[in-house]
Amino acid sequence: MTLLNETAAVRAGIDCDRQHGAVTPPLYLSSNYSFADLNQPRTYDYSRSGNPTRDILADALAELEQAAGGVVTSTGMSAVLLVLQLLPKGGRVVAPHDCYGGTFRLLTTWHEKGLIEVEFVDQSDTARIRQTLATPTNLLWIETPSNPLLRVVDVHALCELAGPEVLKVVDNTFLSPALQQPITLGADLVVHSTTKYINGHSDVVGGAVLGKTEELAEQLKWWANCIGITAAPFDCLLTTRGLRTLNVRMKQHLENTEQILAFLQQHPAIENIHYPGLSNHPGHEIAKRQQHHFGAMLSFELKGGLSEVKTLVNNLRYFTLAESLGGVESLICHPATMTHAAMAPQAQRAAGITDNLIRLSVGIEQADDLIADLEQALNRCLLKPLKEQVNG
Ligand SMILES: *Cc1c(COP(=O)(O)O)cnc(C)c1O
């Protein structure tokens, strides 16, 4: 299975050191660079504006996303912030009703400050999105699949609907360029939290924005330098190291996910599974078309409520109870009390986030171990009410 041109990921910066022939690229920590002579700057002058270690990662990500260029930022949120710099004063943003919480908070706060106009809509509702985009719009924010219910929207159709006047951005964090390349679907910009699959080892927080055209890439670079949100060189070195194995990691993530799904589907403690690869998932056909695979994130409703959730998370050995995703290690998350805790209970219910909803980020451990772990913990969820009955 070739998910992307893995050569570009593996070879990022390899054998580029002309001075010593270092095979892996050196780490340039220097904050500044000497001028060759008066009025003769070299390629780099100051590390906020440009850094060789950072450029290796930016170039590799641009190639993988089929972009003209881009910027590596200090966090995924600073990548989001960078995109918003491209808006005119009072510009209008249309964003998904279930977008990433940090993005939602930033857009809402900017709106409340009077900096921008924002409308959040269910982008899978064609009539609704058509009506929303009928009002002149500057930026269309797309995020697919969404968190935590893995809702899928049609990137190509949305970009067509928005038309050439609207800047179209896709947050591609949940799939990475290995599984989806939004620029090929009509997007102008791609945003990543590289914290997730791209670095993949849960030891760096970082982000990136890639632009379809040279012009967009230059605007991004100008703003990144202006507001000072470029990533630290050491973070870039680690992230480039993570990126080299994106494809092989992803293959294992996907294989494990398929096996875990087959197991969960037949387990009596599970009520309902949300995964775009399932034929009953509302976004299945679109996902099949626009993604190379369905991904390694899934969520499900457990039979019962908080008490069963507690039993499950407390009895797992290989699924760590933590936020974030996309690392080599498997994680379990309870959106209602963790990632989506800031939402009011009513808003949570409207978004489909119930007390018995669980999200898994499937890691690359041995699948048998993960399944055995889930099995013993899920079996306890079934036993508990019986015991209570006996005791009661
Ligand atoms: C994590 C995440 C972000 C924010 O990235 P940080 O690196 O945590 O700042 C943005 N979008 C999505 C979809 C994410 O999962």
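First listed ligand is number 1; within each ligand, the first listed atom is number 1. What you are looking at is a predicted structure, and each value in this text was computed from that prediction instead of being measured. In this chain, residues are counted from 1 in sequence order.
Taking 4.0 Å as the cut-off between side-chain N and carboxylate O, Arg128 and Asp122 do not count as a salt-bridged pair. A salt bridge links Glu119 with Arg92: the distance from a Lys NZ or Arg NE/NH1/NH2 to an Asp or Glu carboxylate oxygen falls below 4.0 Å.
The stretch residues 39-71 participates, sequence neighbours left out, in these ring pair (Phe, Tyr, Trp, His ring centres under 6.0 Å) pairs: Tyr33-Tyr44. Screening residues 103-141 for ring pair (Phe, Tyr, Trp, His ring centres under 6.0 Å), with sequence neighbours left out, gives Phe104-Phe120.
Not counting sequence neighbours, Asp355 has no partner by the salt bridge (Lys or Arg N to Asp or Glu O under 4.0 Å) test.
Side-chain contact between Val191 and Leu210 is absent, with no heavy atoms from C-beta onward closer than 4.5 Å.
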Between the protein and ligand 1, which nitrogen or oxygen pairs come in under 3.5 Å, and how far apart is each?
residue	atom	partner	partner atom	Å
ligand 1	5 (O)	Ser193	OG	3.0
ligand 1	7 (O)	Gly76	N	2.9
ligand 1	7 (O)	Ser193	OG	2.8
ligand 1	7 (O)	Thr195	OG1	2.7
ligand 1	9 (O)	Gly76	N	3.0
ligand 1	9 (O)	Met77	N	2.9
ligand 1	11 (N)	Asp171	OD2	2.7
ligand 1	15 (O)	Lys196	NZ	2.8

